[in-house]
Trainee: 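I am attaching a structure below and will ask some questions about it afterwards.
Nothing fancy with the numbering, it's 1 onward along the sequence.
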Amino acid sequence: MSRIGKKPVAIPSAVTATVDGQTVKVKGSKGELSFTVPEDIKLEKTADGVSVTPRDDSKKARAMWGMSRTMIQNLVKGVTDGYSHTLEIQGVGFRATMKGKDQLTLSVGFSHDVNHTIPAGVEVKVAGPKSDVITVTGIDKQLVGQVAADIRGSRPPEPYQGKGVRYKGEYVFRKEGKKK
């Protein structure tokens with residue numbers, strides 16, 4: 001039995017959720033999102049919220065049960081609060097700039113600038129005294145996390161001097177350099 005899957009997803013009063021077959025649509029103050037659950041899962045809208053149950057006792061149905069409930073919970077949190085990732089750039093001369101609303105340019109020690117196109121539904125802001133703090137916000141958890149991971153992947157922090165793009169609060173294991 002899935003401990004997570006057993007609990008119904010609570011729907012706040014400011015959010016409307018509709019269940020149409022295998023699709024859940026959630027609408028809130030920040031926007032609208034939808035998710036289609038696998039065929040092995042049955043959806044019901046109850047007084048407690050949206051309940052998720054497996055159709056049979058197969059291994060796949062049990063595996064999708066908790067995941068489907070969590071995906072619906074992420075939709076509800078996304079349309080009410082939204083998601084955010086903060087990235088920090090460390091290194092001498094490393095900086096980020098925005099060109100318009102959908103183009104992020106990173107100067108991170110390469111002979112060229114690294115450009116990232118920002119997809120619709122995600123907002124990126126550059127701040128900090130040296131343009132070294134990047135904030136990625138949006139309502140879709142997967143999309144916000146993927147954009148943040150792509151930005152970090154352009155220059156991950158290296159272990160010797162710690163230079164690169166890292167998540168805020170990320171610990172970088174430092175190594176000792178070579179000895180003479």
Trainee: Charged N to carboxylate O under 4.0 angstrom, Arg152 versus Glu170?
Mentor: yes
Trainee: Under a single-linkage definition using a 4.5 Å side-chain heavy-atom cutoff for Ile, Leu, Val, Met, Phe, Trp and Tyr, are Ile139 and Val124 assigned to the same hydrophobic cluster?
Mentor: no
Trainee: Heavy-atom distance under 4.5 Å between the side chains of Arg55 and Asp40, does that happen here?
Mentor: no
Trainee: Answer yes if the side chains of Asp48 and Thr46 hold a donor-acceptor pair under 3.5 Å, and no otherwise.
Mentor: no
Trainee: Counting neighbours of NZ on Lys77 that are heavy atoms of other residues, nucleotides or ligands and sit closer than 6.0 Å, is the number greater than 12?
Mentor: yes
Trainee: State, without any angle test, whether Asn115 and Thr105 hold a side-chain donor-acceptor pair at a distance under 3.5 Å.
Mentor: yes
Trainee: Do Val144 and Ser84 touch side chain to side chain, with heavy atoms closer than 4.5 Å?
Mentor: no
Trainee: A side-chain contact here means heavy atoms from C-beta on lying under 4.5 Å apart; do Thr97 and Val126 qualify?
Mentor: no
Trainee: List the steps and the verdict of salt bridge (Lys or Arg N to Asp or Glu O under 4.0 Å) for Asp132 and Arg95.
Mentor: CA-CA 5 Å; Asp132 59 351; Arg95 69 181 56 77; over 6 Å; no
Trainee: Could you tell me whether the side chain of Glu158 and the main chain of Gln161 form a donor-acceptor pair under 3.5 Å?
Mentor: yes
Trainee: Tell me, yes or no, whether the heavy-atom count around Asp150 atom CG, taken from other residues, nucleotides or ligands under 6.0 Å, exceeds 12.
Mentor: yes
Trainee: Taking Asn74's backbone N and O only, do any of them form a donor-acceptor pair with Tyr83's side chain (distance below 3.5 Å, no angle check)?
Mentor: yes
Trainee: Is there a continuous path of hydrophobic side-chain contacts, each under 4.5 Å between heavy atoms, that joins Val15 to Val52?
Mentor: yes
Trainee: Treating Ile, Leu, Val, Met, Phe, Trp and Tyr as nodes and any side-chain heavy-atom pair under 4.5 angstrom as an edge, say whether Leu143 and Leu87 lie in one connected cluster.
Mentor: yes
Trainee: With a cut-off of under 6.0 Å to the ring centre and 45° to the axis, is Arg155 in cation-pi contact with Phe110?
Mentor: yes
